[in-house]
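Below is one structure, written out as C-alpha coordinates; comments come after it.
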Amino acid sequence: MSSSQEPLAVPDDSPRLTSVPGSSGLESRYIAGMRVDRTDYDDAASRIVEWGKNHESRYVCIASVNNVMEARASEAFRQIMNSADLVTSDGMPLVWSLRLLGLASATRVYGPDLTPILCGQAAEAGVPIGFYGGTPEVLELFISNLKHRFPKLEVVYRFAPPFRSLTPEEDRRIDADLIASGAGIVFVGLGTPKQELWMAARRGSVPATMVGVGAAFDFLAGKKKQAPHLMQRLGLEWFFRLCSEPRRLWKRYLYRNPRFVFLLGKQLLAGKLGTAADSSLPAE
(Lines give C-alpha, C1' and ligand atoms only; values in the text may rest on other atoms or scores of the structure.)
Protein backbone atom coordinates (compact mmCIF):
# COMPACT_ATOMS: atom_id res chain seq x y z
CA MET A 1 0.00 0.00 0.00
CA SER A 2 1.23 3.46 -0.77
CA SER A 3 2.25 5.34 2.33
CA SER A 4 -0.18 8.07 1.33
CA GLN A 5 -3.19 5.90 1.95
CA GLU A 6 -4.82 4.79 5.18
CA PRO A 7 -5.69 1.12 5.78
CA LEU A 8 -9.30 0.33 5.10
CA ALA A 9 -11.39 -2.18 7.02
CA VAL A 10 -13.66 -4.21 4.74
CA PRO A 11 -17.18 -4.20 6.17
CA ASP A 12 -19.03 -7.50 6.09
CA ASP A 13 -22.20 -5.72 4.94
CA SER A 14 -20.59 -3.99 1.94
CA PRO A 15 -22.20 -4.61 -1.47
CA ARG A 16 -21.43 -8.04 -2.87
CA LEU A 17 -20.74 -8.70 -6.51
CA THR A 18 -21.93 -12.03 -7.83
CA SER A 19 -21.45 -11.64 -11.59
CA VAL A 20 -19.38 -14.16 -13.52
CA PRO A 21 -16.01 -12.68 -14.59
CA GLY A 22 -15.71 -11.88 -18.27
CA SER A 23 -12.21 -13.07 -19.16
CA SER A 24 -12.95 -15.77 -21.71
CA GLY A 25 -10.37 -18.40 -22.54
CA LEU A 26 -8.56 -18.22 -19.19
CA GLU A 27 -7.85 -21.13 -16.89
CA SER A 28 -8.20 -20.31 -13.21
CA ARG A 29 -7.77 -21.86 -9.80
CA TYR A 30 -9.22 -20.93 -6.41
CA ILE A 31 -6.51 -20.55 -3.79
CA ALA A 32 -7.99 -20.63 -0.28
CA GLY A 33 -11.27 -19.59 -1.92
CA MET A 34 -9.94 -16.71 -4.07
CA ARG A 35 -9.74 -16.96 -7.87
CA VAL A 36 -6.42 -16.44 -9.65
CA ASP A 37 -6.16 -16.62 -13.46
CA ARG A 38 -3.34 -18.11 -15.47
CA THR A 39 -2.07 -15.37 -17.75
CA ASP A 40 1.17 -13.69 -18.79
CA TYR A 41 2.31 -10.17 -19.63
CA ASP A 42 1.40 -10.37 -23.32
CA ASP A 43 -2.03 -11.87 -22.69
CA ALA A 44 -2.92 -9.56 -19.80
CA ALA A 45 -1.73 -6.44 -21.64
CA SER A 46 -3.55 -7.30 -24.87
CA ARG A 47 -6.80 -7.91 -22.99
CA ILE A 48 -6.57 -4.71 -20.96
CA VAL A 49 -5.60 -2.50 -23.91
CA GLU A 50 -8.42 -3.93 -26.03
CA TRP A 51 -10.91 -3.33 -23.22
CA GLY A 52 -9.53 0.17 -22.74
CA LYS A 53 -9.72 0.93 -26.44
CA ASN A 54 -13.42 0.06 -26.35
CA HIS A 55 -13.99 1.92 -23.05
CA GLU A 56 -15.31 -1.23 -21.39
CA SER A 57 -16.09 -0.81 -17.72
CA ARG A 58 -13.99 -3.53 -16.09
CA TYR A 59 -11.51 -4.01 -13.27
CA VAL A 60 -8.29 -6.00 -13.00
CA CYS A 61 -6.72 -7.18 -9.73
CA ILE A 62 -2.97 -7.73 -9.47
CA ALA A 63 -3.08 -10.20 -6.59
CA SER A 64 -0.59 -11.20 -3.91
CA VAL A 65 -0.80 -13.34 -0.78
CA ASN A 66 -2.21 -10.25 0.94
CA ASN A 67 -5.23 -10.34 -1.38
CA VAL A 68 -5.82 -14.01 -0.59
CA MET A 69 -5.70 -13.38 3.14
CA GLU A 70 -7.98 -10.33 2.89
CA ALA A 71 -10.40 -12.49 0.89
CA ARG A 72 -10.14 -15.20 3.49
CA ALA A 73 -11.06 -12.72 6.24
CA SER A 74 -14.01 -11.12 4.43
CA GLU A 75 -16.61 -12.81 2.26
CA ALA A 76 -17.51 -9.42 0.78
CA PHE A 77 -13.93 -8.84 -0.34
CA ARG A 78 -13.70 -12.41 -1.64
CA GLN A 79 -16.75 -11.75 -3.83
CA ILE A 80 -15.07 -8.62 -5.19
CA MET A 81 -11.89 -10.53 -6.05
CA ASN A 82 -13.77 -13.45 -7.58
CA SER A 83 -15.91 -11.13 -9.69
CA ALA A 84 -12.95 -9.26 -11.21
CA ASP A 85 -12.51 -9.38 -14.98
CA LEU A 86 -8.92 -10.53 -14.56
CA VAL A 87 -6.87 -11.60 -11.52
CA THR A 88 -3.13 -11.96 -12.10
CA SER A 89 -0.51 -13.59 -9.88
CA ASP A 90 1.59 -10.65 -8.69
CA GLY A 91 3.81 -12.67 -6.36
CA MET A 92 5.71 -15.93 -6.78
CA PRO A 93 3.79 -17.69 -3.97
CA LEU A 94 0.63 -17.46 -6.11
CA VAL A 95 2.53 -18.65 -9.19
CA TRP A 96 3.79 -21.68 -7.27
CA SER A 97 0.28 -22.27 -5.92
CA LEU A 98 -1.20 -22.30 -9.44
CA ARG A 99 1.45 -24.78 -10.54
CA LEU A 100 0.77 -27.04 -7.57
CA LEU A 101 -2.93 -26.87 -8.43
CA GLY A 102 -2.37 -28.13 -11.95
CA LEU A 103 -1.48 -25.06 -14.03
CA ALA A 104 2.13 -25.97 -14.72
CA SER A 105 2.80 -23.08 -17.12
CA ALA A 106 1.62 -20.35 -14.73
CA THR A 107 3.85 -17.27 -14.68
CA ARG A 108 4.11 -14.07 -12.70
CA VAL A 109 2.39 -10.86 -13.80
CA TYR A 110 3.88 -8.24 -11.48
CA GLY A 111 2.20 -4.83 -11.20
CA PRO A 112 5.32 -2.63 -11.51
CA ASP A 113 6.37 -4.57 -14.63
CA LEU A 114 2.90 -4.74 -16.17
CA THR A 115 2.34 -0.98 -15.78
CA PRO A 116 5.00 0.22 -18.28
CA ILE A 117 4.06 -2.59 -20.68
CA LEU A 118 0.46 -1.37 -20.62
CA CYS A 119 1.53 2.26 -21.00
CA GLY A 120 3.67 1.43 -24.02
CA GLN A 121 0.89 -0.50 -25.72
CA ALA A 122 -1.70 2.15 -24.80
CA ALA A 123 0.55 4.83 -26.33
CA GLU A 124 0.84 2.89 -29.58
CA ALA A 125 -2.89 2.11 -29.69
CA GLY A 126 -3.91 5.68 -28.88
CA VAL A 127 -5.70 4.72 -25.66
CA PRO A 128 -5.84 7.65 -23.19
CA ILE A 129 -4.97 6.74 -19.62
CA GLY A 130 -5.50 8.03 -16.12
CA PHE A 131 -3.96 7.61 -12.66
CA TYR A 132 -5.67 7.58 -9.27
CA GLY A 133 -3.68 7.24 -6.06
CA GLY A 134 -0.31 8.06 -4.55
CA THR A 135 0.70 11.60 -3.61
CA PRO A 136 0.98 14.65 -5.87
CA GLU A 137 4.78 14.37 -5.77
CA VAL A 138 4.77 10.66 -6.59
CA LEU A 139 2.29 11.13 -9.43
CA GLU A 140 4.34 13.94 -10.94
CA LEU A 141 7.55 11.91 -10.90
CA PHE A 142 5.82 8.74 -12.06
CA ILE A 143 4.03 10.36 -15.00
CA SER A 144 7.13 12.33 -15.97
CA ASN A 145 9.14 9.10 -16.15
CA LEU A 146 6.46 7.41 -18.24
CA LYS A 147 6.13 10.36 -20.63
CA HIS A 148 9.89 10.41 -21.13
CA ARG A 149 9.83 6.70 -21.94
CA PHE A 150 6.64 6.80 -24.03
CA PRO A 151 6.36 10.25 -25.70
CA LYS A 152 3.06 9.35 -27.38
CA LEU A 153 1.40 8.42 -24.09
CA GLU A 154 -1.78 10.47 -23.56
CA VAL A 155 -2.40 11.09 -19.85
CA VAL A 156 -5.84 12.64 -19.53
CA TYR A 157 -6.50 12.21 -15.81
CA ARG A 158 -4.49 12.23 -12.58
CA PHE A 159 -5.60 12.58 -8.99
CA ALA A 160 -3.87 11.94 -5.66
CA PRO A 161 -6.62 11.57 -3.04
CA PRO A 162 -6.14 13.08 0.44
CA PHE A 163 -5.24 11.06 3.52
CA ARG A 164 -8.78 11.25 4.86
CA SER A 165 -12.03 9.65 3.75
CA LEU A 166 -13.71 11.48 0.88
CA THR A 167 -17.16 13.02 1.22
CA PRO A 168 -19.95 11.79 -1.07
CA GLU A 169 -19.76 15.10 -2.93
CA GLU A 170 -16.02 14.67 -3.51
CA ASP A 171 -16.56 11.11 -4.72
CA ARG A 172 -19.19 12.26 -7.19
CA ARG A 173 -16.94 15.03 -8.48
CA ILE A 174 -14.01 12.64 -8.92
CA ASP A 175 -16.18 10.18 -10.82
CA ALA A 176 -17.55 12.95 -13.03
CA ASP A 177 -14.05 14.25 -13.79
CA LEU A 178 -12.79 10.75 -14.53
CA ILE A 179 -15.66 10.04 -16.90
CA ALA A 180 -15.28 13.42 -18.61
CA SER A 181 -11.54 12.83 -19.13
CA GLY A 182 -12.19 10.04 -21.62
CA ALA A 183 -9.59 7.72 -20.07
CA GLY A 184 -9.77 4.18 -21.41
CA ILE A 185 -7.41 2.66 -18.82
CA VAL A 186 -7.14 3.90 -15.24
CA PHE A 187 -4.26 2.78 -13.01
CA VAL A 188 -5.30 2.70 -9.35
CA GLY A 189 -2.59 2.83 -6.69
CA LEU A 190 -4.34 2.72 -3.33
CA GLY A 191 -3.18 -0.63 -1.96
CA THR A 192 -5.23 -3.65 -0.97
CA PRO A 193 -8.11 -3.77 -0.10
CA LYS A 194 -8.91 -0.12 -0.79
CA GLN A 195 -8.14 -0.17 -4.51
CA GLU A 196 -10.22 -3.28 -5.16
CA LEU A 197 -13.21 -1.79 -3.34
CA TRP A 198 -12.78 1.48 -5.25
CA MET A 199 -12.68 -0.28 -8.63
CA ALA A 200 -15.55 -2.65 -7.93
CA ALA A 201 -17.77 0.25 -6.86
CA ARG A 202 -17.20 1.91 -10.25
CA ARG A 203 -17.57 -1.01 -12.62
CA GLY A 204 -20.63 -0.29 -14.69
CA SER A 205 -20.49 3.48 -14.18
CA VAL A 206 -16.95 4.49 -15.20
CA PRO A 207 -16.37 3.65 -18.91
CA ALA A 208 -12.78 2.54 -18.44
CA THR A 209 -10.78 -0.54 -17.49
CA MET A 210 -9.38 -0.03 -14.00
CA VAL A 211 -6.16 -1.78 -13.00
CA GLY A 212 -5.15 -1.97 -9.33
CA VAL A 213 -1.36 -1.78 -9.21
CA GLY A 214 -0.71 -1.10 -5.51
CA ALA A 215 2.77 0.26 -4.79
CA ALA A 216 3.74 0.46 -8.48
CA PHE A 217 3.37 4.25 -8.40
CA ASP A 218 6.00 4.53 -5.66
CA PHE A 219 8.35 2.01 -7.27
CA LEU A 220 8.22 3.53 -10.75
CA ALA A 221 8.55 7.06 -9.37
CA GLY A 222 11.74 5.98 -7.62
CA LYS A 223 10.33 6.67 -4.16
CA LYS A 224 10.65 3.07 -3.02
CA LYS A 225 13.25 0.46 -3.90
CA GLN A 226 12.19 -2.81 -5.48
CA ALA A 227 13.70 -6.11 -4.41
CA PRO A 228 16.58 -7.37 -6.58
CA HIS A 229 15.41 -9.62 -9.42
CA LEU A 230 17.01 -12.69 -7.84
CA MET A 231 15.05 -12.17 -4.62
CA GLN A 232 11.87 -11.71 -6.68
CA ARG A 233 12.47 -14.96 -8.57
CA LEU A 234 13.12 -16.81 -5.31
CA GLY A 235 9.90 -15.48 -3.79
CA LEU A 236 11.80 -13.39 -1.22
CA GLU A 237 10.46 -10.00 -2.19
CA TRP A 238 8.38 -10.04 0.98
CA PHE A 239 11.57 -10.22 3.06
CA PHE A 240 13.10 -7.27 1.22
CA ARG A 241 9.98 -5.17 1.73
CA LEU A 242 9.70 -6.23 5.38
CA CYS A 243 13.27 -5.05 5.99
CA SER A 244 12.49 -1.78 4.18
CA GLU A 245 9.24 -1.03 6.07
CA PRO A 246 9.14 -3.28 9.16
CA ARG A 247 6.71 -1.18 11.23
CA ARG A 248 4.12 -1.03 8.45
CA LEU A 249 4.46 -4.53 7.00
CA TRP A 250 5.39 -6.83 9.87
CA LYS A 251 1.84 -8.04 10.48
CA ARG A 252 1.20 -8.67 6.78
CA TYR A 253 4.27 -10.83 6.29
CA LEU A 254 5.00 -12.40 9.68
CA TYR A 255 1.41 -13.34 10.39
CA ARG A 256 -0.30 -13.66 7.03
CA ASN A 257 2.43 -15.48 5.09
CA PRO A 258 2.65 -18.48 7.47
CA ARG A 259 -1.15 -18.58 7.59
CA PHE A 260 -1.24 -18.67 3.78
CA VAL A 261 1.25 -21.56 3.67
CA PHE A 262 -0.91 -23.46 6.18
CA LEU A 263 -4.11 -22.89 4.17
CA LEU A 264 -2.50 -23.88 0.88
CA GLY A 265 -0.99 -27.00 2.43
CA LYS A 266 -4.37 -27.92 3.89
CA GLN A 267 -6.01 -27.43 0.48
CA LEU A 268 -3.41 -29.55 -1.31
CA LEU A 269 -3.57 -32.31 1.29
CA ALA A 270 -7.36 -32.38 1.20
CA GLY A 271 -7.19 -32.63 -2.59
CA LYS A 272 -4.86 -35.62 -2.42
CA LEU A 273 -7.17 -37.29 0.10
CA GLY A 274 -10.16 -36.58 -2.13
CA THR A 275 -11.95 -34.54 0.52
CA ALA A 276 -11.59 -31.04 -0.96
CA ALA A 277 -13.78 -29.17 -3.37
CA ASP A 278 -12.37 -28.83 -6.89
CA SER A 279 -9.85 -25.96 -6.91
CA SER A 280 -11.42 -24.74 -10.13
CA LEU A 281 -14.51 -23.87 -8.10
CA PRO A 282 -14.93 -21.19 -5.41
CA ALA A 283 -15.11 -22.16 -1.75
CA GLU A 284 -18.54 -22.37 -0.20
Exercise for the section: Mark yes or no for whether Asp113, through its side chain, and Val109, through its backbone, hold a donor-acceptor pair below 3.5 Å. Expected result: no
Exercise for the section: Begin from the C-alpha positions of Phe159 and Leu178 and carry the test side-chain contact (heavy atoms from CB on, under 4.5 Å) through to its verdict. Expected result: CA-CA 9 Å; Phe159 186 73; Leu178 182 53; over 6 Å; no
Exercise for the section: Please tell me if the side chains of Leu263 and Met69 come closer than 4.5 Å, counting only heavy atoms from C-beta onward. Expected result: yes
Handout entry: Cluster overlap Val188 with Leu141, hydrophobic side-chain contacts below 4.5 Å
Key = no
Problem - Non-hydrogen atoms of Phe131 and Cys119 that approach each other most closely - result: CZ-SG, 4.5 Å
Fill in the blank from the handout: CD (Glu154) and OG (Ser181) are apart, to the nearest 0.5 Å, by 9.5 Å
Problem - 4.5 Å side-chain heavy-atom contact, Gln267 and Leu101 - result: yes
Practice task
Evaluate the side-chain proximity of Val60 to Arg47: yes if any heavy-atom separation is below 4.5 Å, no if none is.
Solution key: no
Problem - Interatomic distance, Leu98 atom CG to Ser28 atom OG [nearest 0.5 angstrom] - result: 8.5 Å
Problem - Side-chain heavy-atom pair Leu118, Val49 within 4.5 angstrom cut-off - result: yes
Exercise for the section: Determine yes or no for a side-chain-to-main-chain donor-acceptor pair under 3.5 angstrom, with Asn82 supplying the side chain and Gly33 the backbone. Expected result: yes
Exercise for the section: Output the distance between atom CE (Met210) and atom CZ (Arg203), rounded to the nearest 0.5 Å. Expected result: 8.0 Å
Exercise for the section: With the side chain counted from C-beta on, respond yes when Phe187 and Leu220 share a heavy-atom pair under 4.5 Å apart, and no when they do not. Expected result: no
Problem - Residue pair Asn67, Val36: steps toward the side-chain contact (heavy atoms from CB on, under 4.5 Å) verdict - result: CA-CA 10 Å; Asn67 293 76; Val36 182; over 6 Å; no
Problem - Intermediate values then yes/no, side chain to side chain donor-acceptor pair (under 3.5 Å), Ser105 and Arg38 - result: CA-CA 8 Å; Ser105 62; Arg38 179 177 67 178; 2.9 Å; yes
Exercise for the section: Quick one: do Met92 and Arg108 satisfy side-chain contact (heavy atoms from CB on, under 4.5 Å)? Show the steps, please. Expected result: CA-CA 6 Å; Met92 288 307 299; Arg108 188 184 194 195; 4.1 Å; yes
Exercise for the section: Provide the closest heavy-atom pair for Ala32 versus Val68 in the form atom of the first, atom of the second, distance. Expected result: CB-CG1, 3.8 Å
Problem - Under 3.5 Å: donor-acceptor pair, side chain of Asp40, backbone of Asp42 - result: yes
Exercise for the section: Measure up the Tyr132 and Tyr157 rings against each other and bin them: parallel (under 30°), tilted (30 to 60°), perpendicular (over 60°). Expected result: parallel
Handout entry: Side-chain heavy atoms of Lys152 within contact of Glu124, under 4.5 Å
Key = yes
Handout entry: Donor-acceptor under 3.5 Å (Arg202 side chain, Trp198 main chain)
Key = yes
Completion exercise
CD1 of Ile48 to CD of Glu56, rounded to nearest 0.5 Å, is 12.0 Å
Practice task
Check for a donor-acceptor pair, side chain of Thr88 on one end and backbone N or O of Ile62 on the other, with a separation under 3.5 Å.
Solution key: no
Problem - Side-chain heavy atoms of Val213 within contact of Leu114, under 4.5 Å - result: no
Exercise for the section: State which residues pass side chain to side chain contact (heavy atoms under 4.5 Å, CB included) with Asn145; sequence neighbours excluded, sorted by chain then number. Expected result: none
Practice task
Kindly say whether Glu70 contributes a backbone atom to a donor-acceptor pair with the side chain of Ser74 at under 3.5 angstrom?
Solution key: no
Problem - Check: Gln195 side chain, Leu190 main-chain N or O, donor-acceptor pair, under 3.5 Å - result: yes
Completion exercise
Paired with Val65, the side chain to side chain contact (heavy atoms under 4.5 Å, CB included) test is passed by just one of Val261, Leu264, Asn257, Asp90, namely Asn257
Completion exercise
Tightest non-hydrogen contact, residues Pro193 and Phe77, listed as CB-CE1, 3.4 Å
Practice task
For atom CD of Glu140, decide whether the heavy atoms of other residues, nucleotides or ligands shown that lie under 6.0 angstrom number more than 12.
Solution key: no
Exercise for the section: Quick one: closest heavy-atom pair of Ala208 and Ala183, and the distance? Expected result: CB-O, 3.3 Å
Practice task
Look at the side chain of Arg35 and the backbone N and O of Ala84, then say whether any donor-acceptor pair between them is shorter than 3.5 Å.
Solution key: yes
Handout entry: Straight-line distance of Ser97 OG to Leu103 CG, nearest 0.5 Å
Key = 11.0 Å
Fill in the blank from the handout: Taking every heavy atom of Ala122 against every heavy atom of Ile185, the minimum-distance pair comes out as CB-CD1, 4.4 Å
Exercise for the section: First locate atom CD of Glu170, then atom CG of Asp175, and finally report the distance between them rounded to the nearest 0.5 Å. Expected result: 12.0 Å
Problem - Where Pro112 and Phe219 come nearest, the two heavy atoms and their spacing - result: CG-CD1, 3.6 Å
Problem - Thr115 vs Phe142, side-chain contact (heavy atoms from CB on, under 4.5 Å): CA-CA, chis, key distance, verdict - result: CA-CA 11 Å; Thr115 299; Phe142 175 38; 3.8 Å; yes
Practice task
Look at the side-chain heavy atoms of Ile, Leu, Val, Met, Phe, Trp and Tyr, link any pair under 4.5 Å apart, and say whether Ile143 and Phe150 land in one connected group.
Solution key: yes
Problem - Ser89 side chain to Ser64 backbone, donor-acceptor under 3.5 Å - result: no
Handout entry: Flag, side chain of Lys147 to backbone of Leu153, donor-acceptor distance under 3.5 Å
Key = yes
